[in-house]
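Just so it is clear, the model here is predicted, and its values are computed rather than measured. Chain naming here is simple, since letters A, B, ... match the order of the sequence lines and numbering starts at 1 in each.
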Number of protein chains: 2
Amino acid sequence: MNNEEEQVLIHCLYFTASRFARNITKLTEKTFDFGDLAPSYLYMIMIVKFHPKITQKELCHKLSIAPSTSTRFIDKLEKLNLVTRKMDGKQTLISLTEEGEKVYLQFRVSLKELFNSYSEILGHEFSKDLSKTLHEASNKLEREL
Amino acid sequence: MNNEEEQVLIHCLYFTASRFARNITKLTEKTFDFGDLAPSYLYMIMIVKFHPKITQKELCHKLSIAPSTSTRFIDKLEKLNLVTRKMDGKQTLISLTEEGEKVYLQFRVSLKELFNSYSEILGHEFSKDLSKTLHEASNKLEREL
DNA sequence: CCTGGATATTTGTATATACAAATGAATGGA
DNA sequence: TCCATTCATTTGTATATACAAATATCCAGG
């Protein structure tokens, strides 16, 4: 590979981060099997699990997604009978249904499988460190934007 | 934040990687200004720059994208007169047009700005290391899938 | 020279995600 | 009490991306 090109492909964080996200998403989709539900929905379910009656805004913040995205996610989860919306003035409060609680439990099991999956490939400690690093880097970026 | 939840949000590489990719993409789109062209297209242009007459398959490999995605990217770049397709049996060979060469040069300038942008927030060495780490981790994942 | 696989690309279709504009509800000041 | 502003959510629309199925070309064995 041309050297200049190689330098860019290795050193551009935008490129490496997007590529890595695509790869780990692929692995995740292989590991998770929740029918229609893409992995992101499960994180939303988890957050609602720990914060019943959470507002949509808070949800967006915790997941780092745009409000419009959250509307669409909740639409789908509501249609699948996994969460309920309750309007409260300007805000919308989200809670889990019983069905949602069940899905949450399955999710926790799959999550362990996922951890094992990538730990086998990348190493346990390495994965943990990388994840923490990305978490903190995201926090920094979000503070600046 | 609930402790169990926090652990998952920090330690799940799928979640942290997707979130980080979203954040860095946002920063990148702010820095780059190529009209319609999203950042990914520019990486494609760069690769074609260094490998005139590259096959589409090779392009996919270097960018870690699916063949169908590459078709769509090239469609767009061709319409914008930045690359040319040349059928060669089963394969399609891609090269830059003169216009494409010009865009490549602008891209290199923007790329430096981008590096500065995130280095200011995350630190220069940190960014470089993280990028390299992600690069290598992607390689490992791709070998397994 | 034909046929059946193998390989490369394209097309159909779906999805997560975003931004900008629209809507709807709350609140503070006249 | 009403209005203007502000804030939360939704809707319209666009995009990068993927998978699966379809198409097109090449090649090997008869």
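Counting only distance, with no hydrogens or angles, the side chain of Ser95(A) and the backbone of Lys53(A) share a donor-acceptor pair below 3.5 Å. Between the side chain of Thr31(A) and the backbone N or O of Leu114(A) there is no donor-acceptor pair closer than 3.5 Å. Between the Ser70(B) side chain and the Cys60(B) main chain, no donor and acceptor come within less than 3.5 Å of each other.
One interatomic measurement links the two molecules: CG of Asp88(A) to C1' of dC7(D), which rounds to 14 Å at whole-angstrom precision. Rounded to an integer number of Å, the gap from Glu58(A) CD to dT9(D) P is 10 Å. Look at CD1 on Ile94(A): it is 13 Å from C1' on dT10(D), rounded to the nearest Å. Spacing between atom CD1 of Ile54(A) and atom P of dA8(D) amounts to 14 Å, rounded to whole angstrom units. Atom NZ of Lys53(A) is separated from atom P of dA8(D) by 20 Å (rounded to the nearest Å). Atom C1' of nucleotide dA16(D) and atom CG of Leu59(B) are separated by 16 Å, given to the nearest angstrom. To the nearest angstrom, C1' of dT9(C) lies 12 Å from CG of Leu93(B). What separates CD1 of Ile65(A) from C1' of dT15(C) is a distance of 14 Å, to the nearest Å.
Near DNA chain D, meaning a heavy atom under 4.0 Å from it, residues 12-24 of chain A has Arg22(A) in order of number. Within residues 66-76 of chain A, the residues that have a heavy atom under 4.0 Å from DNA chain D are, in order of number, Pro67(A), Ser68(A), Thr71(A), Arg72(A). Annotation: proximity of residues 103-114 of chain A to DNA chain C (heavy atom, distance under 4.0 Å) is found for no residue.
You'll find the ring centres of Tyr43(B) and Phe107(B) inside the 6.0 Å limit.
Between Tyr41(B) and dA16(D) there is a side-chain N or O to OP1 or OP2 distance below 4.0 Å. Close to dA8(D), at under 4.0 Å from its OP1 or OP2, lies no side-chain N or O of Arg85(A).
Nearest-nucleotide positions on DNA chain D for Glu29(B) and Gly89(B) put Glu29(B) closer to the 5' end.
Salt-bridge check for Glu4(B) with Lys49(A): failed, with every basic side-chain N at 4.0 Å or more from each acidic carboxylate O.
If you take NZ on Lys26(B) and OH on Tyr14(A), they are separated by 14.0 Å, rounding to the nearest 0.5 Å. Note: Leu42(A) CG to Ile47(A) CD1 = 11.5 Å, rounded to the nearest 0.5 Å. Distance check, rounded to the nearest 0.5 Å: CD1 of Ile94(B) to CD1 of Ile54(B) gives 8.5 Å. Here the straight-line distance linking atom CG of Leu111(B) with atom OG of Ser117(B) works out to 11.0 Å at 0.5 Å rounding. With values rounded to the nearest 0.5 angstrom, Gln106(B) atom CD is found 10.0 Å from Leu37(B) atom CG.
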Can you list the steps and then say if Val8(B) with Arg108(A) is a side-chain contact (heavy atoms from CB on, under 4.5 Å)? CA-CA 10 Å; Val8(B) 173; Arg108(A) 293 308 301 248; 3.5 Å; yes
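Sorted by first then second residue, the ring-ring contact (aromatic ring centres under 6.0 Å, His included) pairs that include residues 108-145 of chain A, not counting sequence neighbours, are Phe115(A)-Tyr118(A). Sorted by first then second residue, the salt bridge (charged side-chain N to carboxylate O under 4.0 Å, His left out) pairs that include residues 129-145 of chain B, not counting sequence neighbours, are Arg19(A)-Glu142(B).
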Between N or O atoms, less than 3.5 Å apart, protein on one side and nucleotides 4-8 of chain C on the other: list the pairs.
| unit_1 | atom_1 | unit_2 | atom_2 | d |
| --- | --- | --- | --- | --- |
| dA8(C) | OP2 | Lys57(B) | NZ | 3.0 |

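Thr16(A) has its side chain out of reach of Thr133(B): every pair of non-hydrogen atoms, C-beta onward, lies at least 4.5 Å apart.
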